K.L.:
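Here it is: the structure, laid out below.
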Amino acid sequence: ILNNTLQQARDVKTQRVKQSIKETIKSLCDEDMKPTKYQIHKRTNIAYVTLNKYYDEILQEIKR
């Protein structure tokens with residue numbers, strides 16, 4: 001049960017981080033700014049390692 005709970009907590013945190021990145025990208029696009037990892041990092045303080053992990057996936061999702 002403990003492992004399952006930890007996994008659920010990780011999943012929730014991952015979803016929150018992805019949502020934050022997605023909202024920031026949309027916000028930058030709304031402001032006619034090119035969404036870069038630097039811009040997202042400055043606004044969210046999410047580490048570059050994490051941004052690198054999800055950035056391309058989220059960008060593709062938004063562009064659909």
Side-chain angles (χ1 to χ4, degrees):
I1 294 174
L2 183 60
N3 282 345
N4 195 18
T5 306
L6 285 173
Q7 187 57 48
Q8 285 176 332
R10 283 189 198 105
D11 292 345
V12 168
K13 182 165 178 140
T14 298
Q15 287 309 312
R16 280 195 198 131
V17 167
K18 284 182 170 183
Q19 187 61 34
S20 180
I21 293 170
K22 184 186 291 188
E23 287 171 6
T24 305
I25 289 173
K26 285 181 179 178
S27 169
L28 286 165
C29 288
D30 289 346
E31 295 171 26
D32 291 328
M33 293 176 71
K34 185 178 186 303
T36 63
K37 292 175 189 171
Y38 174 77
Q39 292 285 348
I40 295 165
H41 169 73
K42 290 302 277 183
R43 291 187 180 202
T44 62
N45 236 4
I46 294 172
Y48 283 107
V49 171
T50 306
L51 284 174
N52 285 330
K53 202 175 194 179
Y54 303 122
Y55 182 80
D56 292 330
E57 171 191 331
I58 292 170
L59 214 52
Q60 290 305 316
E61 191 180 306
I62 289 173
K63 288 182 177 180
R64 283 188 205 142

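Note that the coordinates shown come from a computational prediction; the quantities given were computed from them, not determined experimentally. Along the sequence shown, residues carry numbers from 1.
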K.L.:
When you compare the side chains of Q15 and D11, does any donor N or O come within less than 3.5 Å of an acceptor on the partner?
P.N.:
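Distance-only check fails for Q15 and D11.
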K.L.:
Please report the interatomic distance CD1(I25) to CG(L59), rounded to the nearest 0.5 Å.
P.N.:
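It comes to 5.0 Å.
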K.L.:
I need the I40 CD1 to I58 CD1 distance, nearest 0.5 Å.
P.N.:
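So the gap between those two atoms works out to 8.0 Å.
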K.L.:
The criterion is salt bridge (Lys or Arg N to Asp or Glu O under 4.0 Å); which residues satisfy it with E23, sequence neighbours excluded?
P.N.:
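Expected list: none.
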K.L.:
Using side-chain hydrogen bond (donor to acceptor under 3.5 Å, both in side chains) as the criterion, list what pairs up with D30, not counting sequence neighbours.
P.N.:
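side-chain hydrogen bond (donor to acceptor under 3.5 Å, both in side chains) list for D30, sorted by chain: empty.
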K.L.:
Only counting residues at least two apart or in another chain, list the ones meeting side-chain contact (heavy atoms from CB on, under 4.5 Å) with R16.
P.N.:
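side-chain contact (heavy atoms from CB on, under 4.5 Å) list for R16, sorted by chain: V12.
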K.L.:
Applying side chain to side chain contact (heavy atoms under 4.5 Å, CB included), run through Q39 and K34 and close with a yes or a no.
P.N.:
CA-CA 9 Å; Q39 292 285 348; K34 185 178 186 303; over 6 Å; no
K.L.:
Flag the pair N4 / Q8 as yes when at least one side-chain heavy-atom distance between them is below 4.5 Å, and no otherwise.
P.N.:
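Yes, their side chains come closer than 4.5 Å.
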K.L.:
Tell me every residue that passes side-chain contact (heavy atoms from CB on, under 4.5 Å) with T50, counting only those two or more places apart in sequence or in another chain.
P.N.:
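Result, side-chain contact (heavy atoms from CB on, under 4.5 Å) vs T50: V17, I46, A47, Y54.
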K.L.:
Is there any salt bridge (Lys or Arg N to Asp or Glu O under 4.0 Å) pair reaching into residues 37-55, and which pairs are they, with sequence neighbours excluded?
P.N.:
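Listed once each, the pairs are E31-R43.
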K.L.:
Applying ring pair (Phe, Tyr, Trp, His ring centres under 6.0 Å), which residue pairs with at least one partner in residues 24-46 are found, sequence neighbours left out?
P.N.:
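Ring pair (Phe, Tyr, Trp, His ring centres under 6.0 Å) check on residues 24-46 returns H41-Y48.
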